[in-house]
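Contents: one structure, followed by commentary.
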Number of protein chains: 2
Amino acid sequence: MINVAIVEDDSDIRQVLCDFLNAEEGFSCQTAVESVEQFLEELDPDNLPTVVFMDIGLPGMSGIDGIRLVKQRHPSVEIVMLTVYHDSQKIFNSLCAGASGYLLKNTPLEEIRTGLESLMSGGAPMSPQIARKVITHFSGNQPRKTTPLTPKEQEIVVGLVDGLSYKMIADRMNISVETVRFHIKNIYQKLHVHSKAEVISKSLRGEI
Amino acid sequence: MINVAIVEDDSDIRQVLCDFLNAEEGFSCQTAVESVEQFLEELDPDNLPTVVFMDIGLPGMSGIDGIRLVKQRHPSVEIVMLTVYHDSQKIFNSLCAGASGYLLKNTPLEEIRTGLESLMSGGAPMSPQIARKVITHFSGNQPRKTTPLTPKEQEIVVGLVDGLSYKMIADRMNISVETVRFHIKNIYQKLHVHSKAEVISKSLRGEI
DNA sequence: TTTTAAACCCCATTTTTATGGGGGATGGCA
DNA sequence: TGCCATCCCCCATAAAAATGGGGTTTAAAA
């Protein structure tokens with residue numbers, strides 16, 4: 001019996017999928033919650049689900065962060081993304097975080113079931129659209145990132161990522177702290193962020 | 001009408017697949033050859049196939065080298081691997097060379113047809129076993145770190161990575177800002193860092 | 001030539017972080 | 001039972017960061 005959990009904020013989808021799985025031979029869905037927080041709270045360590053279907057856009061913590069947390073605590077639990085998002089960044093973040101599959105929400109229930117079966121036999125469920133993105137990533141046809149940042153601004157971003165303070169960046173670049181401030185103000189405007197933290201995240205996620 | 005070519009040295013498989021496609025509505029297979037050399041020789045530039053099913057183990061040039069040659073001369077032609085090989089090296093070499101899909105030879109004819117359809121609608125056919133290897137490639141190169149952080153501390157790290165301030169983290173977790181402070185102090189001690197920036201960097205680099 | 005983008009510098013103010021303390025409350029384990 | 005880890009909360013202070021403004025210079029573009 002394959003024990004499936006669902007983390008999904010749309011109650012309709014949650015219910016339909018849960019009912020479907022419970023009706024299918026060999027599947028059982030006892031957990032269907034709307035957030036990662038709720039999932040972790042209700043989790044019974046003595047009765048872990050085999051597979052978790054995870055959405056990305058959730059109230060509170062995102063599903064991608066959810067993967068990290070769940071896999072960290074229970075590495076044996078398989079996590080399959082089930083979401084509407086199909087942009088490369090979310091896909092790769094999910095896979096790197098430890099997802100074992102990636103299905104789009106328009107996947108028919110029947111294919112979700114066969115996906116689960118292939119997962120159990122050492123495969124990975126993946127929507128063709130997603131597979132395409134992944135393949136494109138390999139063949140290097142990735143659209144080049146055109147960063148709007150100037151060379152100096154990029155250098156400062158590197159400093160931020162290295163965990164340096166304004167003063168340390170100033171010393172490293174042989175400019176005044178005031179100039180560092182100036183550049184950072186402009187960086188924030190260009191990237192539409194309001195803190196070092198966001199710049200560092202964007203940078204390390206390849207969004208700059 | 002989707003024009004399919006087959007490059008495959010096993011004449012049985014070649015014939016079965018060719019016949020199947022010709023019998024299917026909307027598909028046509030006029031070219032079924034046993035080597036890349038033969039394929040290139042018989043190729044009519046005015047009547048290019050839409051898709052080529054390519055084996056890897058072939059007399060003469062390998063199918064992977066074949067991808068490169070074909071894509072170089074006719075970039076618009078889609079190439080789908082159809083082979084028994086499932087080792088990571090051949091998979092990645094194929095995808096990097098420009099393959100648009102990767103199916104194992106045990107794939108039922110019916111699924112080969114749906115694979116072609118998803119290819120035509122912007123997807124990529126990929127056997128679950130292959131998808132698994134590809135996914136493992138993403139998540140696999142991350143050595144499992146045994147984090148010294150407690151669950152709550154991990155949750156706070158997630159908040160920091162999301163670019164939240166102490167107050168926002170407190171709200172999300174329904175605890176006091178002072179408690180957030182308390183946890184962060186402990187996190188810094190455990191990780192030997194002295195700023196949010198360093199925590200975020202470590203986290204996104206998988207060092208936590 | 002005027003304009004524009006990029007780099008440089010300074011000042012002032014408010015908010016947020018970092019760091020040091022001080023308490024409690026659990027719940028598991030020796 | 002006391003110990004330990006984990007979690008919860010409060011205080012105070014110094015440092016750093018975020019945001020607004022004000023400028024100059026230079027080199028390339030219009």
Side-chain angles (χ1 to χ4, degrees), chain A residues 36-46 60-61 69-70 72-74 145-204 208, chain B residues 145-204 208:
Chain A
V36 174
E37 287 85 348
Q38 198 183 341
F39 173 72
L40 291 173
E41 196 180 322
E42 296 188 6
L43 201 59
D44 174 8
D46 297 326
M61 187 183 305
L69 271 184
V70 174
Q72 211 156 36
R73 300 185 192 178
H74 311 288
K145 285 259 182 299
T146 53
T147 178
L149 302 186
T150 68
K152 289 285 175 186
E153 287 169 348
Q154 288 174 45
E155 202 177 337
I156 287 195
V157 168
V158 170
L160 294 179
V161 171
D162 285 346
L164 305 181
S165 69
Y166 291 5
K167 167 135 187 33
M168 293 194 278
I169 294 175
D171 288 349
R172 183 196 267 191
M173 293 175 68
N174 286 314
I175 56 178
S176 149
V177 178
E178 289 300 329
T179 307
V180 176
R181 267 193 228 282
F182 169 81
H183 285 304
I184 286 183
K185 273 188 281 192
N186 293 331
I187 291 169
Y188 284 7
Q189 276 206 306
K190 287 183 182 176
L191 301 183
H192 308 291
V193 299
H194 308 278
S195 70
K196 286 208 310 191
E198 292 170 273
V199 174
I200 295 171
S201 286
K202 267 189 190 283
S203 175
L204 285 174
I208 297 181
Chain B
K145 292 286 176 191
T146 52
T147 178
L149 302 186
T150 68
K152 288 286 174 186
E153 288 168 348
Q154 288 171 41
E155 207 177 333
I156 288 196
V157 169
V158 170
L160 293 179
V161 171
D162 284 348
L164 306 182
S165 69
Y166 292 4
K167 169 137 185 32
M168 293 193 278
I169 293 174
D171 288 348
R172 184 195 269 193
M173 292 175 68
N174 286 313
I175 56 178
S176 149
V177 179
E178 290 299 330
T179 306
V180 175
R181 268 193 227 282
F182 169 81
H183 285 303
I184 286 184
K185 272 190 281 191
N186 293 332
I187 291 170
Y188 285 7
Q189 274 207 307
K190 287 182 181 175
L191 300 183
H192 308 290
V193 300
H194 307 279
S195 68
K196 286 208 307 192
E198 292 170 274
V199 173
I200 296 171
S201 288
K202 265 188 190 287
S203 175
L204 286 174
I208 296 180

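- The B:H194 side chain lies nearest to C:dA18 when the options are C:dA18, C:dA6, D:dC7.
- Taking a 6.0 Å sphere around NZ of B:K190, one finds it holds more than 12 heavy atoms contributed by other residues, nucleotides or ligands.
- Residue-level contact check: B:K185 touches the bases, meaning some heavy atom is under 4.0 Å from a base atom.
- A donor-acceptor pair under 3.5 Å is formed between the side chain of A:E198 and the backbone N or O of A:H194.
- One interatomic measurement links the two molecules: CD1 of A:I187 to C1' of D:dT19, which rounds to 15 Å at whole-angstrom precision.
- Residue A:T150 has no polar side-chain atom (N or O) positioned under 4.0 Å from OP1 or OP2 of C:dA5.
- The side chain of A:I175 has C:dC8 as its nearest neighbour among D:dT19, D:dT6, C:dC8.
- The base of D:dC8 does not come close enough to the side chain of B:E178 for any donor and acceptor atom to sit less than 3.5 Å apart.
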Between B:R172 and B:E155, does a side-chain contact (heavy atoms from CB on, under 4.5 Å) hold up when you go through it step by step?
CA-CA 10 Å; B:R172 184 195 269 193; B:E155 207 177 333; 5.7 Å; no
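- Each of A:F182 and B:V193 was assigned the nucleotide of DNA chain C with the nearest heavy atom; the assignment lying further toward the 5' end belongs to A:F182.
- Nearest to the side chain of A:P151, among D:dC11, C:dA7, D:dA18, sits C:dA7.
- Note: CE (B:M173) to C1' (D:dT6) measures 12 Å, nearest angstrom.
- Distance from the side chain of B:H183 is smallest to D:dC7 among D:dA18, D:dC7, C:dA18.
- The main-chain N or O of A:K196 is found under 3.5 Å from a side-chain atom of A:Y188 such that the two form a donor-acceptor pair.
- Rounded to whole Å, atom P of D:dA15 lies 20 Å from atom CD1 of B:I184.
- The CD-P distance, from B:Q189 to C:dT19, rounds to 9 Å in whole Å.
- We find that CG of B:L160 is positioned 15 Å from P of D:dA17, with the value rounded to whole Å.
- Across every non-hydrogen atom of A:I169 and A:G159, the tightest pair is CD1-C, 3.9 Å.
- Residue A:Y188 has no polar side-chain atom (N or O) positioned under 4.0 Å from OP1 or OP2 of D:dA17.
- Between B:Y166 atom OH and D:dC9 atom C1' there is a gap of 16 Å when expressed in whole angstrom units.
- In this structure, A:S165 reaches the sugar-phosphate backbone alone: every heavy-atom distance under 4.0 Å involves primed, P, OP1 or OP2 atoms, never a base.
- Listed pair B:K152 / D:dT6 fails the phosphate criterion, with no side-chain N or O lying under 4.0 Å from OP1 or OP2.
- If you check every strand for non-hydrogen atoms under 4.0 Å, A:K167 touches nothing.
- Rounded to whole angstrom, the span from the NE2 atom of A:H192 across to the C1' atom of D:dA18 amounts to 17 Å.
- Rounding to whole angstrom units, CZ of residue B:R181 and P of C:dT19 are separated by 12 Å.
- Looking only at distances, a side-chain donor or acceptor of B:S201 sits under 3.5 Å from a matching main-chain atom of A:V161.
- Residue-level contact check: A:S176 touches the backbone only, with heavy atoms under 4.0 Å from sugar-phosphate atoms and none from bases.
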